[in-house]
Amino acid sequence: MVSTPDEQQGHGGSATHDVTNQAPPLTPYDASDDTALLEGLRREGAGWAEEDLRRLGRQAGSAQAQEWADLANRHEPQLRTHDRYGNRVDEVEFHPSWHHLMRTAIAEGLAASPWADDRPGAHVVRSAGGLVWGHTEAGHGCPTSMTYAAVPALRRHPELAKLYEPLLTSREYDPALREPTEKRGLLAGMGMTEKQGGSDVRTNTTAATPTAEPGVYTLRGHKWFTSAPMCDVFLVLAQAPGGLSCFLVPRVLPDGTRNTFRIQRLKDKLGNRSNASSEPEFDGTVAWLVGPEGQGVKTIIEMVNCTRLDCVMVSAALMRKSLVEAGHHARHRSAFGARLVDQPLMRNVLADLALESEAATTLTLRLAGAADRAIRGDEGEAAFRRIATAVGKYWVTKRGPAFTAEALECLGGNGYVEDSGMPRHYREAPLLSIWEGSGNVNALDVLRALSREPGTAEALFGELALARGADARLDAAVTRLGTGLSEASPTTARRLVEQMALTLQASLLVRHAPPAVADAFCATRLGGDWGHAFGTLPESAGLDAIVERALPGGGG
């Protein structure tokens, strides 16, 4: 008698194979189980939030939150320009998982709530929360980031700030499109770039025409890359009679009617696919002037400083998430007679990735601490923040794509499959270098700060001096950097900023990380004892200590 397929399989088996030597699901896990993160939180004056951060970490690593992240990216936002009757509505519809992610992020203070929190370290807590909640997905971080960054720019118009800031700093998520002051909480976006200029916003052609009412204008033009178009208000750059100026554009006007905000299309992007990025058209669109005419860039620059920090933060979060995935796989997968994590060369790769991840996390939290203290009036920290944020934005975001590619490779073919989540991380990584100024823009911005704001150089070298004498390789790098500043030119700007970033990261690790981590980083990134790919640490590096520090629950 011939057996049936079910009889051949038995109880839960298979006629052709058994599933062995596969890693179990990572979830649930604790995304805050990161020694470098927790140490940095305490060091930057925000240890009071550690319990909340750990709670958020457990939620970020939960099966539910990870499913939200997956579904929000599989079911992308859909543009609906008209209703069934032909009326223009210009709305974007999102999967429910997007709203779950947004609701959690805003309730946990990852949007603008730190601006309403007087406790020292409140802005550090937000960045640390982003490093943890970033283990879900990055797309919904765009509207929360822009909402956070809009507040200091809006304060250039005290009356508008008084009206909107309490709603922007709210911890309630209210996605309905209606008159802003009737809502429980608001989201803010920004519209700067245009197709003919991109980062060169001074070439913008969107025109702002004054009306009879003081401070009120109408806009006409087209923006090229405006993300999160369902936000309630937008900070927009346009050409007023007095030059490029900053304006507040609400989606819904005070009388309840919809402002003209025609969404021409959504961008078909490489990554960041849960987040809608659009091309809006303004035609008689009502706007309020924020800051003086002709000072649009000066008005909005604080917003850029904030979002650049978030680019560093999200890159660091992607690195950490990818490392956790790679380490988990290596712990449970065996090849050639041993677990991958115990194979010397794989351990070298994981240790090298761990160094890069810790350096990125440590720098992110130092930048967040500088921002927090600068906001509270510390001029020295403001100068350091000015240059170090641009340096960090350039370098950490540049490292992201190579890092996520290497982490993906640790999973082999499993990592190349969408179900693993690693392809999504890989597609996401390049965005952070492009958003808020590509590598060239940030590198040249560093040169601009050095030439026009002399205090920035002193602030950077003052920070580096705190580690003087602790490592000869670091001391030599600081000396080389000083020489490099005198020879800086636009052609060599990238090399100079790379040196700044590596020297700054090394100084932070020498001061705050264990000797094995600091020594390996200085030997490789500064001393040249390194190859051109990850996994090329020297034989002398303390691989075990580095891996055990980095992986949740220990490295074995």
Side-chain angles (χ1 to χ4, degrees), residues 19-27 29 31 34 61 66 69-70 73 134-135 137-138 270-273 314-361 395-433 517 520-521 524-525 529-539 541 543-544 546-552 555-556:
V19 178
T20 62
N21 197 28
Q22 288 282 347
L26 172 61
T27 53
Y29 74 102
D34 179 354
Q66 293 298 311
D70 179 64
N73 281 272
H135 281 235
E137 70 92 44
L270 169 67
N272 201 250
R273 299 185 74 88
V314 175
S315 289
L318 276 172
M319 288 184 188
R320 178 64 188 173
K321 169 66 169 176
S322 299
L323 174 62
V324 169
E325 294 277 6
H328 175 76
H329 179 85
R331 280 175 165 175
H332 293 91
R333 179 82 164 178
S334 294
F336 307 107
R339 291 185 307 164
L340 289 179
V341 74
D342 295 326
Q343 297 282 9
L345 193 51
M346 177 60 81
R347 208 160 182 82
N348 194 316
V349 171
L350 292 173
D352 211 352
L353 292 174
L355 290 179
E356 197 74 31
S357 176
E358 178 156 351
T361 296
W395 182 243
V396 175
T397 63
K398 275 275 180 278
R399 299 299 290 155
F403 187 105
T404 51
E406 193 68 56
L408 183 155
E409 188 177 321
C410 290
L411 277 67
N414 288 336
Y416 203 69
V417 175
E418 286 291 338
D419 288 348
S420 72
M422 297 298 281
R424 172 158 53 88
H425 306 329
Y426 183 56
R427 290 192 298 269
E428 195 72 41
L431 171 62
L432 287 313
S433 185
V517 173
F521 192 90
T524 54
R525 277 65 170 174
D529 193 3
W530 200 28
H532 294 286
F534 286 106
T536 54
L537 298 180
E539 190 78 34
L543 302 183
D544 290 348
I546 296 169
V547 172
E548 287 166 8
R549 173 177 171 81
L551 298 186

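We count residues from 1, following the sequence as given.
Classified by interplanar angle (parallel below 30°, tilted 30° to 60°, perpendicular above 60°), the ring pair His332/His328 is tilted.
Within the 4.5 Å cutoff, the side chain of Val324 has heavy atoms near those of the Pro552 side chain.
Looking at Glu428, its side chain does come within 3.5 Å of a backbone N or O of Asn272 through a donor-acceptor pair. Checked by atom type and distance alone, the side chain of Arg273 never pairs as donor or acceptor with a backbone atom of Asn73 at under 3.5 Å. Thr524 contributes a side-chain N or O that, together with a main-chain N or O of Ala520, makes up a donor-acceptor pair within less than 3.5 Å. Remark: side-chain polar atoms of Asp529 are not paired, donor with acceptor, to backbone N or O of Pro538 under 3.5 angstrom. Listed for the Thr536 side chain is a donor-acceptor partner under 3.5 Å among the backbone atoms of Ala533.
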Working note: Leu355 + Arg525, criterion side-chain contact (heavy atoms from CB on, under 4.5 Å); need CA distance, chi angles, decisive distance, verdict.
CA-CA 10 Å; Leu355 290 179; Arg525 277 65 170 174; 3.7 Å; yes
What's the verdict on side-chain contact (heavy atoms from CB on, under 4.5 Å) for Met319 and Leu323, showing C-alpha distance, side-chain angles and the deciding distance?
CA-CA 6 Å; Met319 288 184 188; Leu323 174 62; over 6 Å; no
Please walk me through it: do Lys321 and Leu318 pass side-chain contact (heavy atoms from CB on, under 4.5 Å)?
CA-CA 5 Å; Lys321 169 66 169 176; Leu318 276 172; 5.7 Å; no
Side chains of residues 402-414: which donor-acceptor partners sit under 3.5 Å, not counting sequence neighbours?
{"residue": "Thr404", "atom": "OG1", "partner": "Gly400", "partner atom": "O", "Å": "3.0"}
{"residue": "Thr404", "atom": "OG1", "partner": "Pro401", "partner atom": "O", "Å": "3.1"}
{"residue": "Asn414", "atom": "ND2", "partner": "Gln22", "partner atom": "OE1", "Å": "3.3"}

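Not counting sequence neighbours, the partners of Tyr29 by the ring-ring contact (aromatic ring centres under 6.0 Å, His included) test are His135. Partners of Arg333 by side chain to side chain donor-acceptor pair (under 3.5 Å), not counting sequence neighbours: none found.
In this structure, Ser433 and Lys398 approach most closely via the heavy-atom pair OG-NZ, 2.9 Å. Annotation for Gln66 and Gly61: closest pair NE2-CA, 4.2 Å, computed over non-hydrogen atoms. The two residues Gly535 and Asn348 make their nearest non-hydrogen contact at C-OD1, 3.0 Å. The heavy-atom pair separating Asp352 from Phe534 by the smallest distance is OD2-CA, 3.4 Å. The two residues Ala138 and Val314 make their nearest non-hydrogen contact at CB-CG1, 3.9 Å.
Under a 4.0 Å N-O distance rule, the pair Arg399/Glu356 qualifies as a salt bridge. Under 4.0 Å is where a charged nitrogen must lie from a carboxylate oxygen, and between Glu358 and Arg549 at least one such pair does.
The one candidate from His329, Arg427, Glu325 that meets the side-chain contact (heavy atoms from CB on, under 4.5 Å) condition with Met422 is Glu325.
The distance from the CG atom of Leu350 to the CG atom of Leu543 is 10.0 Å, given to the nearest 0.5 Å. From Ser315, atom OG reaches atom CG of Leu431 across 8.5 Å, with rounding to the nearest 0.5 Å.
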